[in-house]
Amino acid sequence: MSHLVKMENGQSQTIQEMLGCIERYNPDHLKTLESYVQDQAKNNTYDLEANLAVLKLYQFNPHMLNFDITYTILLKSLTSLPHTDFVMAKCLLLPQQMKDENVQTIIDLADILERADFTLFWQRAEVNRNMFRHIAGFHDSIRKFVSHVVGTTFQTIRKDLLKELLGGIEDSTLESWIKRNGWKNQGQGLVIVAMQDDKIKTKNITEKIEFDNVGALMAQCL
């Protein structure tokens, strides 16, 4: 769905055009931006700049604060991990937003993800599943982040542990994620993730220094 913003001169701009000018601070456009946030949740799309603009408008116009939109923006920013979008969004929150129980729950979920305590995350996510039920692709976005962490941490991993880290998924779904990430089944319940030795292998560095370059320095030391 295309969102157009009506200007005072009667002309229309796209949201991207509006965000590139002073009109991004016009509270008259807030409803359009909030609708855009809802569309992102519904259609599994993401626009960080537009979402941060909404939070900035809340800062300037706290009487227009919408907590449901705030939750959606924060949860959508979690789907972009390991990028720092959540930190940027959190920095724009008003005191009344920070005191909100649901906001604190989302912040706790973010902290758990940053600690890579994925088993605990899925437990908390199940308890609070109604909070992000309206966000299409939320679980798979988190699984993509989990896969990123697994891929940079493990050489091999047990299948049962991998299933747990990915949220207790079924065997068929696990095979899909193994294929998606380019991993391989090794047998005996193990999955080959990556050969980390290739990434951390030490290298011999040979540095050539001409005598003329150090001759003057050596003369000063005599």
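These numbers come from a predicted model, not from an experiment. Counting begins at 1 with the first residue of the sequence. Atoms considered below: every heavy atom in the structure, side chains included; atoms not considered: hydrogens, waters and symmetry mates.
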Start with the C-alpha gap between L65 and F67, add the side-chain angles, then the distance that decides, and say whether side-chain contact (heavy atoms from CB on, under 4.5 Å) holds.
CA-CA 6 Å; L65 175 59; F67 278 98; 3.7 Å; yes

How about [X] and [Y]: does a side-chain donor come under 3.5 Å of a side-chain acceptor?
{"X": "D85", "Y": "S77", "answer": "no"}
{"X": "N26", "Y": "E23", "answer": "yes"}
{"X": "K99", "Y": "Q96", "answer": "no"}
{"X": "N51", "Y": "Q40", "answer": "yes"}
{"X": "N128", "Y": "T105", "answer": "no"}

Nearest non-hydrogen partners of [X] and [Y], listed with the distance:
{"X": "L75", "Y": "F138", "answer": "O-CE1, 3.7 Å"}
{"X": "L74", "Y": "A89", "answer": "CD2-CB, 4.0 Å"}
{"X": "W177", "Y": "K144", "answer": "CH2-N, 3.7 Å"}
{"X": "G167", "Y": "W122", "answer": "N-NE1, 3.2 Å"}
{"X": "V193", "Y": "G151", "answer": "CG1-CA, 3.6 Å"}

Are any of the side-chain nitrogens in [X] or [Y] under 4.0 Å away from the carboxylate oxygens of its partner?
{"X": "R143", "Y": "D140", "result": "yes"}
{"X": "K163", "Y": "D171", "result": "yes"}
{"X": "E175", "Y": "K159", "result": "yes"}

Check for a donor-acceptor pair, side chain of [X] on one end and backbone N or O of [Y] on the other, with a separation under 3.5 Å.
{"X": "R129", "Y": "E126", "value": "yes"}
{"X": "T153", "Y": "V149", "value": "yes"}
{"X": "D100", "Y": "N102", "value": "yes"}
{"X": "T152", "Y": "H148", "value": "yes"}
{"X": "D47", "Y": "A50", "value": "yes"}
{"X": "T45", "Y": "A41", "value": "no"}
{"X": "Q59", "Y": "L92", "value": "yes"}
{"X": "Q104", "Y": "E101", "value": "no"}
{"X": "T84", "Y": "V87", "value": "no"}
{"X": "N181", "Y": "W183", "value": "no"}

With the side chain counted from C-beta on, respond yes when T156 and V191 share a heavy-atom pair under 4.5 Å apart, and no when they do not.
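With C-beta onward as the side chain, the pair stays apart.
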
Does any part of the side chain of L94, heavy atoms only, come nearer than 4.5 Å to the side chain of M98, both counted from C-beta?
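No, side chains not in contact.
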
Under the side-chain contact (heavy atoms from CB on, under 4.5 Å) test, which residues partner E114, sequence neighbours left out?
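Only L81 meet the side-chain contact (heavy atoms from CB on, under 4.5 Å) criterion with E114.
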
Once you measure the plane-to-plane angle for F118 and F145, does it fall in the parallel (<30°), tilted (30-60°) or perpendicular (>60°) bin?
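Perpendicular: the ring planes of F118 and F145 meet at over 60°.
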
Angle class for the F132/H139 ring planes (parallel below 30°, perpendicular above 60°, tilted otherwise)?
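Perpendicular: the ring planes of F132 and H139 meet at over 60°.
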
Say you draw a straight line from [atom1] of [X] to [atom2] of [Y]; how long is it, rounded to the nearest 0.5 Å?
{"X": "L165", "Y": "D117", "atom1": "CG", "atom2": "CG", "value": "9.5 Å"}
{"X": "E49", "Y": "L19", "atom1": "CD", "atom2": "CG", "value": "5.0 Å"}
{"X": "E34", "Y": "L57", "atom1": "CD", "atom2": "CG", "value": "9.0 Å"}
{"X": "M64", "Y": "N66", "atom1": "CE", "atom2": "CG", "value": "10.0 Å"}

Verdict with reasoning, C91 to L55, per side-chain contact (heavy atoms from CB on, under 4.5 Å)
CA-CA 10 Å; C91 289; L55 296 179; over 6 Å; no

Can you list the other members of the hydrophobic cluster that holds V127, where links are side-chain heavy atoms under 4.5 angstrom apart?
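The other cluster members (ILVMFWY side chains, heavy atoms under 4.5 Å, direct or chained): none.
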
Run the numbers on D111 and I107 for side-chain contact (heavy atoms from CB on, under 4.5 Å), then give the verdict.
CA-CA 6 Å; D111 290 341; I107 291 174; 4.0 Å; yes

